[in-house]
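One structure is given below, encoded as structure tokens.
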Amino acid sequence: MPDMSASASLAMTHLVTLAELDEDKVTPGVLGFIVFAVMALAVWGLMRSMSRHMGKVDFKETPSERGAEAEASGRVEPQKG
């Protein structure tokens, strides 16, 4: 049994040494900025495109003959598709 605790403590000390990070080396750097800028430009372009497409959409629905007849008779039927 002491053998397992010794190996566990050895593994823990090994993991602790791997977890120590030098703060000078942990930065996003220029590559991180470039990736972020490209993603921001892509989102901006997609939002602009979506605004254009949504501006072209006409939300006014023309009443169909079947719907007008149902309203005139006072009954409501579920519409297909």
Side-chain angles (χ1 to χ4, degrees):
M1 201 61 127
D3 195 26
M4 288 176 43
S5 64
S7 63
S9 65
L10 181 62
M12 290 302 286
T13 57
H14 183 60
L15 289 176
V16 170
T17 57
L18 289 177
E20 293 177 10
L21 301 174
D22 186 12
E23 290 188 23
D24 293 332
K25 293 182 181 178
V26 182
T27 61
V30 177
L31 181 62
F33 174 75
I34 291 171
V35 169
F36 180 77
V38 167
M39 288 174 61
L41 285 173
V43 168
W44 177 77
L46 287 171
M47 292 294 290
R48 188 170 172 208
S49 174
M50 185 185 71
S51 279
R52 286 183 184 171
H53 286 288
M54 291 300 288
K56 293 178 185 177
V57 174
D58 183 21
F59 289 105
K60 295 179 183 176
E61 185 175 331
T62 57
S64 64
E65 291 179 20
R66 188 173 184 193
E69 290 173 6
E71 286 179 12
S73 67
R75 60 186 176 144
V76 179
E77 297 178 11
Q79 295 182 354
K80 296 180 183 176

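The figures that follow rest on heavy atoms only: side chains count, while hydrogens, waters and symmetry mates do not.
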CE of M47 to CE of M50, rounded to nearest 0.5 Å, is 4.0 Å
When rounded to the nearest 0.5 Å, the distance separating CG of L46 from NE2 of H53 is 10.0 Å
Exercise. Tell me whether V30 is reachable from V35 by hopping between hydrophobic residues (I, L, V, M, F, W, Y) whose side-chain heavy atoms are closer than 4.5 Å.
Key: no
### Task
Would you kindly confirm whether V43 and M54 end up in one hydrophobic cluster when ILVMFWY residues are joined by side chain heavy atoms under 4.5 Å apart?
yes
